[in-house]
Amino acid sequence: VNEDLVKERQNCSFNTLELTHLLDGGEAKTLERKEREEYFLSDPAFKDEVPMEYLSHQEQYEHSVRKACHMFRKLQEMPHGSMDNFRQLLGGMLGSAILKDGNPLALHYVMFLPTLAGQGTVEQQAYWISRAWNLEIVGTYAQTELGHGTFIRGLETTATYDPSTQEFVLNSPTLTAYKWWPGGLGHTANYAVVVAQLYTQGKCHGIHPFIVQLRDEETHMPMPGIIIGEIGAKLGMNTTNNGYLGFKQVRIPRENMLMKNNKVLEDGTYVKSPSDKLTYGTMMFVRVVICQDMASYLSKAVTIATRYSAVRHQSEMKPGAPEPQVLDYRTQQYKLLPSIASVFAMKFSANWIWEMYNVVNSELDQGDLERLPELHAVSCCLKALCTSDAASAVEIVRLACGGHGYMKSSNLPSTYGLVTAACTYEGENTVLLLQTARYLMKTWQQARSGQTLTPSVAYLNLYSDWRQPR
Amino acid sequence: TVWENTTDCVIKAFYQVAAGKVKAAAEHMERRAKGGMTPEDAWNETSIELVAASTAHCRAFIVEKFIETVSKTDVSRPLQAVLCQMAELYAVYWLLNNKGDFLMFSNLSPADVDGLQLWLEQLLTKLRPNAVGIVDSFDIHDDILASPLGAWDGRVYERLFEESQKSPLNKEPVNKSFHEYMKPFLRSNL
């Protein structure tokens, strides 16, 4: 071990294992995590003979599919499978260690299965979830279009009900209506949950989810009327197999509309659901997970940069003196230490909002919707800040590594690729901040009229008339 | 309302800034609407300030939760000290990065900024000896870090060199492009 690192470790004033246990949530959790890491990382099937960056785009995809299939096979064989294992493999650090530049099967588990569970009827769940879980089919979630992303009401894909055949007809009326971005859509998935504007009895009822077969289950050839492919190379996440999808009058059975909430009857009558809080719950969960992932990726980046800064010696601080560790330079500390602090800030905030989510969820069960807007507002801005802070901090610590941080092998460029993508997906950051702002503006009016405010905005009552003393 | 370099004072200041920015955005939007703009246009015209208000609100929330969590965490005193220093550093870092907002909306005065800068530097000094210890506590497996710069053993240069040997170009001493393109090119220029 490098002697500078030995000295650093000897000089540490606290028990590092105690902090590890605190961050993991206890000693047992640490052991569980380490067992899981050993189980996956010791498998030679996950080792790359040649680093992925030296392979062609096509070879990278093929390797990733091989690894992803092996990963999920191993997961199913694991003696103590749990959701935590899934989380670690799909978005967490362990998954990104095996598939550095994205997992082409991730959407099957992250979006396809949860959507079937959250939006399908009991019968639909029984049929589709068992097929998806047994990997008879591979799915993805196709919502975003070439011309519309975060503003989902603007989606153009149509699903028009034809009562004579009891089918929906899916169509992409324009090029901008083509689905664009879904992971695994290009060449991996053979089914998708497709979000489209529902038309029945001559009326549009807004966006609804439909299960659509994209490829033949045997030959994997695209189904008639399905125009499908990969969108091309990106800044990062190049093995996620993000795809495009167009529909030319594609017919699907009425039963393929996910009808847990809203329904279309055989004659075309539309029946609206009284509540859509389940959809809301999934959204909240995803945002908390994103904040946790940002903390994980940033912890990786700061570990790389801090250890390097302890090993690296450079320049002369005092004439004639030996080259000091770069960690001794104040500017280096200013790059690294606030970035390390951000890891904790993100982790603790995510934990807090998760607890708040559970409280609000139990209030919802009793019909109390009062704190729902507050929770939504906090989760929107927290996702935005965690992702943008993480992206900035990864870049700052990459610069802290000088030229070596620019090497792909430093793993900082691909970490940046993973983190900066999160600024855009699951709600573009500026749009999310404006959603929080809308809530703040309403709350501001309430504060001005003297109403009692919910805890996270109670400060507006305290400081609404506050002025700086001059 | 005298400024103090304490976490209570800092949290309060973050919320004062958030409230000030919310108020400013709301008033500017109202003024635009009263001036004849549609609510939608007024919203769009004010959206830079709205985003800033939202960011300030969230930053205050994160700072408060960080400090609150650390103060409630049941750990040994040496670890508690480090966690408190981290929380303070986070708060002071973002305060100084947005000091214009704090000078506008909180009771921070220009005379207090030097003290805050000193506080930040003192925190960096205190945390410096524990920097490696803190990142070691993240306990990230070398295969997950996947970086010659960050491996546990610190063999940075050896590992960087080993990585360079994986470049396909290093598999042969002379690349065929030399014979196909460079050699004729060089001769043609002789």
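Protein chains get the first letters and strands the later ones, always in sequence-line order, with residue 1 at the start of each. Just so you know, these numbers use all the heavy atoms, side chains as well, and skip hydrogens, waters and symmetry mates.
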Please look at [X] and chain B and tell me whether the side chain, the backbone, both or neither of the residue comes under 4.5 angstrom of a heavy atom of that chain.
X	answer
Tyr334(A)	both
Leu434(A)	both
Gln332(A)	neither
Leu22(A)	side chain
Lys7(A)	neither
Gln445(A)	side chain

Pairs of heavy atoms under 4.5 Å with chain A: top-ranked of [options]:
options	result
Pro78(B), Ala146(B), Ala52(B)	Ala146(B)
Ala60(B), Ala81(B), Ala53(B), Cys58(B)	Cys58(B)
Ser54(B), Ser164(B), Pro129(B), Ser76(B)	Ser54(B)
Gly20(B), Ala87(B), Ala151(B)	Ala151(B)
Leu127(B), Asp136(B), Val51(B)	Asp136(B)
Glu68(B), Gln85(B), Arg155(B), Glu121(B)	Glu121(B)

Tell me which of these, [options], has more heavy-atom pairs under 4.5 Å with chain B than the rest.
options	result
Ser342(A), Cys380(A), Cys381(A), Ala305(A)	Cys381(A)
Thr30(A), Asn2(A), Leu440(A)	Leu440(A)
Leu385(A), Val311(A), Asp328(A)	Leu385(A)
Lys100(A), Arg438(A), Glu3(A), Lys408(A)	Arg438(A)
Lys34(A), Gln333(A), Glu37(A)	Gln333(A)
Ile98(A), Leu412(A), Val6(A), Val1(A)	Val1(A)

[X] versus chain A, the contacting section by heavy-atom distance below 4.5 Å:
X	result
Ser47(B)	both
Glu64(B)	neither
Leu124(B)	both
Trp94(B)	side chain
Val92(B)	neither
Val22(B)	both
Leu149(B)	both
Ala18(B)	both
Ile67(B)	neither
Leu120(B)	side chain

In Å and rounded to the nearest 0.5 Å, what is the OG1 to CD1 distance from Thr303(A) to Ile140(B)?
3.5 Å
Separation between OG of Ser96(A) and CD1 of Ile144(B), rounded to the nearest 0.5 Å
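Rounded to the nearest 0.5 Å, the OG-CD1 separation comes to 7.5 Å.
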Check this for me, if you would: do [X] and [Y] make a salt bridge, where the nitrogen-to-carboxylate-oxygen distance has to be below 4.0 angstrom?
X	Y	answer
Arg59(B)	Asp389(A)	yes
Arg448(A)	Glu30(B)	yes
Glu8(A)	Arg128(B)	yes

Least distance between heavy atoms, [X] atom then [Y] atom:
X	Y	answer
Ala437(A)	Trp43(B)	C-CH2, 3.9 Å
Ala25(B)	Met441(A)	CB-CE, 4.0 Å
Val132(B)	Ala310(A)	CG2-CB, 3.8 Å
Leu89(B)	Pro338(A)	CD2-N, 3.7 Å
Leu460(A)	Ala19(B)	CD2-CA, 3.8 Å
Gly154(B)	Leu5(A)	CA-CD1, 3.5 Å

Validation row: [X], [Y] side chains within 4.5 angstrom (heavy atoms):
X	Y	answer
Arg312(A)	Tyr157(B)	yes
Leu19(A)	Asp139(B)	no
Ser167(B)	Tyr54(A)	yes
Asn351(A)	Thr69(B)	no
Ser409(A)	Leu160(B)	yes
Thr55(B)	Leu433(A)	yes
Leu94(A)	His141(B)	no

Is the backbone of Ser137(B) close enough, under 3.5 Å, to the side chain of Thr20(A) for a donor and an acceptor to pair up by distance?
yes
Closer than 3.5 angstrom, by distance alone: can the side chain of Glu18(A) be matched with the main-chain N or O of Leu79(B) as a donor-acceptor pair?
no
Check: Tyr463(A) ring centre within less than 6.0 Å of Phe105(B) ring centre:
no
Between the side chains of Arg330(A) and Thr125(B), does any donor sit under 3.5 Å from an acceptor?
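Yes, Thr125(B) and Arg330(A) have a side-chain donor paired with an acceptor closer than 3.5 Å.
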Verify whether one side chain among Asn130(B) and Ser13(A) offers a donor that lies under 3.5 Å from an acceptor in the other.
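Their side chains do contain a donor-acceptor pair, which is all the 3.5 Å distance test asks for.
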Here's a test for you: under ring pair (Phe, Tyr, Trp, His ring centres under 6.0 Å), which of Trp352(A), Tyr459(A), Phe348(A) qualifies with Phe61(B)?
Trp352(A)
When you look at NZ of Lys442(A), are more than 12 heavy atoms from neighbouring residues, nucleotides or ligands closer to it than 6.0 Å?
no
Count the heavy atoms belonging to other residues, nucleotides or ligands that lie under 6.0 Å from CD of Glu158(B), then report whether that count exceeds 12.
yes
Which class fits the ring pair Phe138(B) and Phe344(A): parallel under 30°, tilted 30 to 60°, perpendicular over 60°?
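Ring orientation, 0 to 90° scale: tilted.
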Should Trp152(B) and Arg307(A) be marked as a side chain to side chain contact (heavy atoms under 4.5 Å, CB included) after you check the CA-CA gap, both sets of side-chain angles, and the distance that decides it?
CA-CA 8 Å; Trp152(B) 168 266; Arg307(A) 286 186 182 155; 3.5 Å; yes
Residues Ile134(B), Phe14(A); criterion side chain to side chain contact (heavy atoms under 4.5 Å, CB included); working and verdict
CA-CA 9 Å; Ile134(B) 296 167; Phe14(A) 66 96; 3.9 Å; yes
